[in-house]
Amino acid sequence: LAVGDLSDPLQLKSFANWTSFTSGEYPELPSSVISSVQHYRDTIYVGTSDGVYALHRSAIDTTFVRLNMAAGAIVNALRVDAGGLRIYTSRGEYRYDGSLVALPSTGLPTTNISDGVTIGSERIAGLAKGGVYRNTGAGAFVRIETGAPPGDAARDIYTLPGGRALGAFG
């Protein structure tokens, strides 16, 4: 992980102006495999193959603090929306807004969610294998017919103006 100061974009051209963080320097960060990074409520969150870590920096110390998720949860994507920090993992979806909540995955054939978005009260989940599903908040997830081959991996899900979603498959 490398962190730079955006106040002077020209400074970002030199690696000397970046601060790097590796698992070798920070034993509380057991994995250097980073899948996603998001900034939420003045904190940087790092999604790894070992969970989500909050980067806490002060004048005297820097630490990574792990969010208390299911053991073995591999983070596929982090997103920020009006509901908080959304965490899409190999063990389901979580929402973090100061406390961590595992969200229901009823109707999904697997909990390995590669990415997702929330549009109002509707949740859309892209699965690592098995397509895209939506939940309107009234019950179980239902498969969205996307035209992608069955079992194709949904890699990225984004919201578009007008409340539409865009998926990338591969």
Side-chain angles (χ1 to χ4, degrees), residues 1 3-4 6 21 28-31 33-58 62-146 148 152-170:
L1 174 67
V3 178
L6 292 175
F21 303 93
E28 67 271 25
L29 184 64
S31 174
V33 179
I34 295 174
S35 57
S36 191
V37 176
Q38 283 290 337
H39 184 259
Y40 175 66
R41 290 188 179 169
D42 297 324
T43 301
I44 295 173
Y45 291 89
V46 181
T48 75
S49 57
D50 188 54
V52 175
Y53 293 82
L55 171 61
H56 293 284
R57 296 178 79 184
S58 71
T62 298
T63 59
F64 287 89
V65 177
R66 187 178 192 277
L67 297 186
N68 190 21
M69 296 173 37
I74 298 169
V75 176
N76 296 316
L78 300 174
R79 300 271 183 214
V80 175
D81 64 24
L85 178 68
R86 301 288 177 154
I87 306 165
Y88 301 97
T89 78
S90 60
R91 302 260 171 125
E93 177 185 356
Y94 295 82
R95 182 186 69 236
Y96 180 76
D97 62 358
S99 61
L100 190 66
V101 176
L103 299 176
S105 58
T106 306
L108 293 177
T110 176
T111 57
N112 192 358
I113 302 173
S114 57
D115 201 1
V117 294
T118 302
I119 304 170
S121 63
E122 184 173 346
R123 292 167 47 211
I124 298 176
L127 304 184
K129 290 185 179 178
V132 178
Y133 287 74
R134 68 185 270 202
N135 182 318
T136 60
F141 278 91
V142 177
R143 184 177 167 87
I144 299 172
E145 292 307 322
T146 62
D152 207 8
R155 300 287 181 212
D156 289 299
I157 308 290
Y158 293 96
T159 55
L160 298 172
R164 298 179 299 154
L166 170 69
F169 298 87

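Just the heavy atoms: all of them, side chains too, but no hydrogens, waters or symmetry mates, feed the values below. Model, not experiment: these values are computed from the prediction.
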Rounded to the nearest 0.5 Å, what separation is found between the [atom1] atom of [X] and the [atom2] atom of [Y]?
| X | Y | atom1 | atom2 | result |
| --- | --- | --- | --- | --- |
| Thr118 | Asn135 | OG1 | CG | 10.0 Å |
| Tyr96 | Tyr40 | OH | OH | 8.0 Å |
| Asn68 | Tyr94 | CG | OH | 9.0 Å |
| Thr106 | Leu103 | OG1 | CG | 11.0 Å |
| Asp115 | Arg86 | CG | CZ | 12.5 Å |

Using every non-hydrogen atom in the two residues, find where [X] and [Y] come nearest and quote the distance to one decimal.
| X | Y | result |
| --- | --- | --- |
| Gly116 | Tyr88 | C-OH, 3.2 Å |
| Tyr133 | Leu127 | CE1-CD1, 3.5 Å |
| Ala70 | Arg91 | CB-CB, 4.5 Å |
| Gln38 | Leu78 | NE2-O, 3.3 Å |
| Met69 | Ala73 | CE-CB, 3.7 Å |
| Gly72 | Ser90 | O-OG, 3.6 Å |

- Salt bridge present between Glu145 and Arg143 (N-O < 4.0 angstrom):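 So Glu145 pairs with Arg143 through a salt bridge.
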
- Task: In plain terms, say whether Arg41 and Asp97 are close enough for a salt bridge, that is, a side-chain N and a carboxylate O under 4.0 Å apart.
- Result: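 Looking at Asp97 together with Arg41, the answer is no, because their closest N to O distance does not fall below 4.0 Å.
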
Quiz item: With a cut-off of 6.0 Å (strictly less than), are more than 12 heavy atoms of other residues, nucleotides or ligands near CZ of Arg134?
Solution: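 At most 12 heavy atoms, drawn from other residues, nucleotides or ligands, come within 6.0 Å of this atom.
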
- Ring geometry between Tyr53 and Phe64 (parallel below 30°, tilted from 30 to 60°, perpendicular above 60°):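 Plane angle over 60°, so perpendicular.
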
| What do the steps show when you test Arg66 against Asp50 for side chain to side chain contact (heavy atoms under 4.5 Å, CB included), and what is the final call? | CA-CA 9 Å; Arg66 187 178 192 277; Asp50 188 54; 3.9 Å; yes

Report task. Check each of Asn76, Leu67, Ile113 against Ile87 using the side-chain contact (heavy atoms from CB on, under 4.5 Å) test, and report the only one that passes. Result ->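 Single pass found, and it is Leu67.
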
Kindly indicate whether the side chain of [X], heavy atoms from C-beta on, has any atom under 4.5 Å from the side chain of [Y].
| X | Y | result |
| --- | --- | --- |
| Arg57 | Ile44 | no |
| Thr110 | Lys129 | no |
| Arg79 | Asp81 | no |

Using atom types as modelled and distance alone, determine if a side-chain donor or acceptor of Ser36 lies under 3.5 Å from a backbone N or O of Gly47.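 No: the side chain of Ser36 does not pair with the backbone of Gly47.
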
